[in-house]
Amino acid sequence: MQRIARYAGKAAFAGSVVLAALVDAGCVRRDLEDYPGEGYVTVNVDWAGSGAPSANHTTRLLFYDKDGKLFREVNNVGTKYQAVFPKGEYSVVAHNEDMGNMDWRNNDNIATAETFAVGREYEFGHHPEGVDCLEVPTEVYVTNNFHQSDKLVVSDISNPEVSLTPTDRLHHLTLRFHVSVTGNETVESIGGAIGGVSGSWFAGTASHEKVYHFAHEFHAVPTESEEGGDGESTRAATQHWEAPVNMFGFQTTEASEWVHPLYMSLQVKDGPLLTAAYDLTPTVYSILNEQEGELPRKFAIDVEINVTGAGFSANVIPWDESGTGNGSPRPQK
């Protein structure tokens with residue numbers, strides 16, 4: 001903003017009438033002839049259509065020159081940013097500043113600018129071997145273009161005004177567990193990890209990282225039972241649990257099995273911790289095939305669980321567009 005301060009000084013010298021007009025406009029602004037080789041830019045941040053529950057976010061703007069190199073970084077932007085730019089073409093990456101469990105790296109070039117989920121230690125001892133665990137990301141809204149065009153074109157004969165909307169970059173999976181209990185067992189908690197997820201998002205290309213596989217852990221909470229609907233399950237009732245898992249996307253590979261394992265830890269009240277793993281790979285590939293290679297923004301996977309005195313078994317229900325279906329149990333280990 002040093003250039004703007006310099007022009008403000010010229011305006012003050014020109015006279016009180018001009019200064020009053022500039023103050024009334026809310027920002028220092030001069031005729032274009034005072035900006036040789038530069039232009040005055042207005043960027044509006046519009047949260048309508050972002051997918052965010054509210055517009056109560058501040059935004060970070062990263063501007064890149066025609067070679068993709070970082071030209072300017074601006075933080076704590078509300079609904080509008082105004083500044084002088086040298087004439088030329090600029091790309092942008094814009095994101096909310098209150099992302100959860102996230103960080104940024106390699107921002108010096110738009111081709112490498114990447115937001116990524118931070119790492120964590122596994123909470124559950126039963127988890128995928130040799131796979132790093134990541135925090136579940138929350139509130140990730142990013143864009144790499146303006147409403148008007150991909151590029152901001154600045155000249156010394158125009159005052160460009162553009163708008164942008166950071167949009168939801170996460171896919172929101174709900175794991176739905178339908179638990180039947182026989183005997184005297186009572187389920188106290190359900191948790192675990194889901195593998196084969198992507199750990200980051202490349203802002204410049206609007207695509208998730210597709211090489212490395214990671215895992216997210218989850219904790220399920222009871223929702224309702226088939227009898228009573230109050231969260232209390234009788235011995236013969238089926239209790240329903242849900243676990244939200246946000247992700248950038250599922251990884252894909254030529255391997256046919258165990259790309260996307262579901263590791264489960266089920267605690268029986270006053271009893272043992274029961275563990276098992278199931279292969280979600282066919283379910284994930286079914287979702288991708290139904291959606292022409294793209295995950296839905298929101299989707300669910302249903303798992304039927306039967307708990308007995310001998311342990312528990314699960315049936316991963318084949319997916320359709322409603323998220324329900326019937327099928328055979330997947331392999332267990």
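Computation of the quantities below employed the complete heavy-atom set of this structure, encompassing side-chain atoms and omitting hydrogens, waters and symmetry-equivalent molecules. Along the sequence shown, the residues carry numbers beginning at 1.
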Distance-only polar pair, side chains of [X] and [Y], donor-acceptor under 3.5 Å:
{"X": "Thr58", "Y": "Glu97", "value": "yes"}
{"X": "Thr283", "Y": "Ser286", "value": "no"}
{"X": "Ser207", "Y": "Thr205", "value": "yes"}
{"X": "Thr42", "Y": "Lys80", "value": "no"}
{"X": "Asp302", "Y": "His178", "value": "yes"}
{"X": "Thr275", "Y": "Ser265", "value": "no"}
{"X": "Asp98", "Y": "His57", "value": "yes"}

Heavy atoms only: give me the nearest [X]-[Y] pair and the separation to one decimal.
{"X": "Gln239", "Y": "Pro222", "result": "NE2-CB, 3.4 Å"}
{"X": "Pro166", "Y": "Val45", "result": "CD-CG1, 4.3 Å"}
{"X": "Ala243", "Y": "His219", "result": "CB-O, 3.7 Å"}
{"X": "Ala203", "Y": "Val142", "result": "CB-CG1, 4.1 Å"}
{"X": "Ala215", "Y": "Val131", "result": "N-CG1, 3.8 Å"}
{"X": "Met102", "Y": "Pro137", "result": "SD-CB, 3.2 Å"}

* Go through the steps for Phe250 and His260 under the test ring-ring contact (aromatic ring centres under 6.0 Å, His included), then give the verdict. => CA-CA 8 Å; Phe250 277 119; His260 307 291; 4.9 Å; yes
Taking atom [atom1] of [X] and atom [atom2] of [Y], what is their separation to the nearest 0.5 Å?
{"X": "Glu242", "Y": "Phe177", "atom1": "CD", "atom2": "CZ", "value": "10.0 Å"}
{"X": "Glu73", "Y": "Leu61", "atom1": "CD", "atom2": "CG", "value": "9.5 Å"}
{"X": "Glu257", "Y": "Leu280", "atom1": "CD", "atom2": "CG", "value": "12.5 Å"}
{"X": "Thr174", "Y": "Phe299", "atom1": "OG1", "atom2": "CZ", "value": "8.5 Å"}
{"X": "Lys298", "Y": "Asn246", "atom1": "NZ", "atom2": "CG", "value": "10.0 Å"}
{"X": "Leu164", "Y": "Ser50", "atom1": "CG", "atom2": "OG", "value": "11.5 Å"}

* Asked: Can we say Glu114 and Arg105 salt-bridge, meaning some charged N sits less than 4.0 Å from an Asp/Glu carboxylate O?
  ->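 Salt bridge flag = yes for Arg105 with Glu114.
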* To do: Report yes if the distance between the aromatic ring centroids of Tyr64 and Tyr90 is under 6.0 Å, otherwise no.
  =>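 No, the ring of Tyr64 stays outside the 6.0 Å limit from the ring of Tyr90, centre to centre.
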* To do: May I ask you to check whether Tyr263 and His127 place their ring centres under 6.0 Å from each other?
  =>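 His127 vs Tyr263: aromatic centres not under 6.0 Å.
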Does [X] use its side chain to pair, donor to acceptor, with the backbone of [Y] at less than 3.5 Å?
{"X": "Lys210", "Y": "His208", "value": "yes"}
{"X": "Asp279", "Y": "Trp258", "value": "yes"}
{"X": "Asp65", "Y": "Lys69", "value": "yes"}
{"X": "Gln267", "Y": "Gly271", "value": "yes"}
{"X": "Asn96", "Y": "Tyr141", "value": "yes"}
{"X": "Ser163", "Y": "His147", "value": "no"}
{"X": "Thr112", "Y": "Asn106", "value": "yes"}
{"X": "Ser91", "Y": "Lys151", "value": "no"}
{"X": "Thr182", "Y": "Val307", "value": "yes"}
{"X": "Gln82", "Y": "Val43", "value": "no"}

* To do: Take Thr143 and Thr167, measure what side-chain hydrogen bond (donor to acceptor under 3.5 Å, both in side chains) needs, and give me the verdict at the end.
  => CA-CA 6 Å; Thr143 188; Thr167 55; 5.5 Å; no
* Asked: Do we get Arg169 above Phe248's six-membered ring, with its NZ or CZ under 6.0 Å from the centre and within 45° of the axis?
  ->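 No, Arg169 does not sit over the ring of Phe248.
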* Six-ring centre of Phe85, Arg72 cation under 6.0 angstrom, axis tolerance 45° ->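 Yes - Arg72 lies over the ring of Phe85, closer than 6.0 Å to its centre and within 45° of its axis.
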Beyond-backbone contact of [X] with [Y], side-chain heavy atoms, under 4.5 angstrom:
{"X": "Leu134", "Y": "Val118", "value": "no"}
{"X": "Phe71", "Y": "Pro86", "value": "yes"}
{"X": "His216", "Y": "Cys133", "value": "no"}

Check this for me: [X], atom [atom1], are more than 12 non-hydrogen atoms of other residues, nucleotides or ligands nearer than 6.0 Å?
{"X": "Asp270", "atom1": "CG", "result": "no"}
{"X": "Asn56", "atom1": "CG", "result": "no"}
{"X": "Lys66", "atom1": "NZ", "result": "no"}

* May I ask you to decide if the ring planes of Tyr278 and Phe312 are parallel, tilted or perpendicular, using 30° and 60° as cut-offs? =>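 Tilted: the ring planes of Tyr278 and Phe312 meet at 30° to 60°.
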